[in-house]
Structure formats: C-alpha cells, structure tokens
Asks: 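Take this structure, written in structure tokens, and hold onto it; I'll ask about it next.
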Amino acid sequence: MCPVGKFQALDGFFQDIDYIDSKTIDGAVDLRGFVSGMLSCFPWWLIVLYRFRAILARILGLVRHERPGLLSPLKPEALSFTAGEKASFFIVQKAKENSYWVAAAPEDKHLTACFGVAVEPLDSGLNRFYVFTTVKYRHWTGPVYFNLIRPFHHLVVWRMMRAGVAA
C-alpha cells in the first residue's frame with residue numbers, strides 16, 4: 001500500500017520492494033516547480049558525493065550516472081510528465097499533472113530505485129509534498145551499495161526538498 005494512502009494510483013510502486021522512505025514538506029509552489037527545483041539542486045557537497053559515487057561505481061561495476069554539476073537546471077515547463085521520457089538523469093514512470101510524479105534511476109545491475117512526489121493542497125493555500133524513494137535489490141551489490149550511501153541519501157533528499165519549495 002502507498003505510504004501516502006490518498007494516492008492509490010501509486011500503490012504499484014510499493015509492492016515487492018526492499019526499502020522505502022517517505023518525507024513531507026509544505027510549500028507555496030506547484031508540483032512542476034517543486035520537482036524541477038529538486039532536480040536542479042546541485043550544491044558543491046553533492047558534486048563531491050557524486051565523485052565518491054563514481055569511485056564506488058567503478059569498484060562495484062555499476063552504471064555511471066551523469067554528475068549533477070554537468071546537468072542543466074530543469075525549468076518547470078520542461079519537466080516531462082510522459083512515461084519513458086527523461087527528466088534530469090531519471091526516467092519518468094508515471095505522472096499526473098497537479099497530483100503525482102514518479103521516476104526511476106537508469107537501469108542498473110545492482111538495484112532498481114524510484115523517486116516520487118505526490119502533492120496534496122492544504123486549506124492554508126500551501127501544498128504538502130510527499131517525497132518517497134523505493135529500492136529493490138537485484139544483485140548482492142545492491143544492499144552493499146545502498147547501505148553505504150543511505151546516510152547521504154537522507155541528507156540529499158532533504159536538501160533537494162528544501163530546494164523544491166524554494167523554487
């Protein structure tokens with residue numbers, strides 16, 4: 001079942017997974033602005049973390065992702081809501097304007113990871129954003145890799161969420 005139960009259309013993303021986390025934040029932006037702000041967040045320390053990820057990827061034989069510092073900021077109007085299209089280095093899986101947006105990291109041998117956002121309008125005029133990450137291990141390197149990056153994952157997601165509401 002979806003950890004943000006109001007969004008039953010997302011239930012399929014929470015089946016047969018090994019890890020999930022969900023965080024919330026309120027902001028005065030819409031879904032497009034929030035997601036594009038998150039995907040355009042490239043603080044210097046994130047670029048440093050991706051350099052370490054590149055070393056880890058080489059050791060474990062993982063796919064090398066585009067580094068954040070090399071990606072262009074994503075404008076809200078350019079954010080794709082079409083399944084199969086790219087948004088930054090993610091691939092859109094399912095999206096509905098003003099409701100939810102879910103994407104997956106590029107396919108890799110070690111794990112499958114999805115990142116999603118669902119939005120709920122509040123009476124105050126703000127929006128509540130539910131941000132979730134799901135992980136399914138595909139190889140013994142999956143839990144090794146993810147447990148090494150997990151503490152940084154939380155830090156990165158929180159920073160991206162703050163960038164999303166500041167967009």
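All residue numbers in this chain count up from 1 along the given sequence.
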Asks: Within a strict 4.5 Å, meaning less than it, do heavy atoms of the Met161 and Thr24 side chains meet?
Replies: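 No, side chains not in contact.
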Asks: Return the orientation label for the Phe129 and Phe34 ring planes: parallel under 30°, perpendicular over 60°, tilted otherwise.
Replies: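 Rings of Phe129 and Phe34: parallel, under 30°.
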Asks: Identify the heavy atoms of Ser99 and Phe7 that sit nearest to each other, and give their distance.
Replies: O-CE2, 3.9 Å
Asks: What's the separation between atom CG in Leu74 and atom OG in Ser80, rounded to the nearest 0.5 Å?
Replies: 9.5 Å
Asks: Assert yes or no for the condition that the ring centre distance of Tyr100 to Tyr130 is strictly below 6.0 Å.
Replies: no
Asks: Applying side chain to side chain donor-acceptor pair (under 3.5 Å) to Asp108 and His139, what does each step give before you reach the verdict?
Replies: CA-CA 10 Å; Asp108 208 334; His139 187 262; over 6 Å; no
Asks: Between Val135 and Leu111, is there a side-chain heavy-atom distance shorter than 4.5 Å?
Replies: yes
Asks: Report yes or no: do Val157 and Val29 belong to one cluster of Ile/Leu/Val/Met/Phe/Trp/Tyr joined by side chain heavy-atom distances under 4.5 Å?
Replies: yes
Asks: Heavy atoms, side chains only, cut-off 4.5 Å: are Asp11 and Gln8 in contact?
Replies: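 SC-SC contact between Asp11 and Gln8 confirmed.
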Asks: Drop me the distance from Asp21's CG to Lys23's NZ, to the nearest 0.5 angstrom.
Replies: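 One finds 3.5 Å between CG of Asp21 and NZ of Lys23.
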Asks: Okay, side chain of Lys94, backbone of Ala9: is any donor-acceptor separation there less than 3.5 Å?
Replies: yes
Asks: Under 4.5 Å between any side-chain heavy atoms of Thr133 and His153, yes or no?
Replies: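 The answer is yes; the side chains approach within 4.5 Å.
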Asks: Could you pull out the closest heavy-atom pair between Asn147 and Arg150, with the gap in Å?
Replies: OD1-NH2, 2.9 Å
Asks: Below 30° counts as parallel, above 60° as perpendicular, anything between as tilted: where do the rings of Phe146 and Tyr137 land?
Replies: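 Phe146 and Tyr137: tilted rings.
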Asks: Using modelled atom types only, decide if a donor and an acceptor are shared between the side chain of Arg32 and the backbone of Leu79 within a distance under 3.5 Å.
Replies: yes
Asks: Counting only heavy atoms from other residues, nucleotides and ligands, does the tally under 6.0 Å from NZ of Lys136 exceed 12?
Replies: yes
Asks: Considering all heavy atoms of both residues, which atom of Ala118 and which atom of Leu10 are nearest to each other, and what is their separation?
Replies: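 For Ala118 and Leu10, the tightest heavy-atom pair comes out as CB-CD1, 4.2 Å.
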Asks: Is the Phe90-Phe115 ring centre distance short of 6.0 angstrom?
Replies: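 They qualify: ring centres under 6.0 Å apart.
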Asks: Hey, could you give me the CG/OG distance between Asp26 and Ser124, rounded to the nearest 0.5 Å?
Replies: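 OG of Ser124 is found 7.0 Å from CG of Asp26.
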Asks: Would you confirm whether Ser36, through its side chain, and Gly33, through its main-chain N or O, come within 3.5 Å as a donor-acceptor pair?
Replies: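 Yes; at least one donor-acceptor contact below 3.5 Å.
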Asks: Going by heavy atoms in the side chains, are Val117 and Leu31 under 4.5 Å from each other?
Replies: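 Side-chain contact under 4.5 Å: yes.
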Asks: Taking the side chain from Glu85 and the backbone from Phe81, do they hold a donor-acceptor pair closer than 3.5 Å?
Replies: no
Asks: Are Leu126 and Val119 connected in the hydrophobic side-chain network, where two residues link if heavy atoms are under 4.5 Å apart?
Replies: no
Asks: How many angstroms lie between OG1 in Thr134 and CZ in Phe14, if you round to the nearest 0.5 Å?
Replies: 6.5 Å
Asks: Would you give the length of the straight line joining atom CG of Leu155 to atom CE of Met160, rounded to the nearest 0.5 angstrom?
Replies: 11.5 Å
Asks: Measuring from Asn127:CG to Asn98:CG, what's the distance to the nearest 0.5 Å?
Replies: 8.5 Å
Asks: Using a 4.5 Å cut-off on heavy atoms from C-beta on, say whether the side chain of His110 contacts that of Trp140.
Replies: no
Asks: For the residue pair Val92 and Thr82, establish whether any side-chain heavy-atom pair is separated by less than 4.5 Å.
Replies: no
Asks: When you measure from the side chain of Trp101 to the backbone N and O of Gln93, does any donor-acceptor pair fall under 3.5 Å?
Replies: no
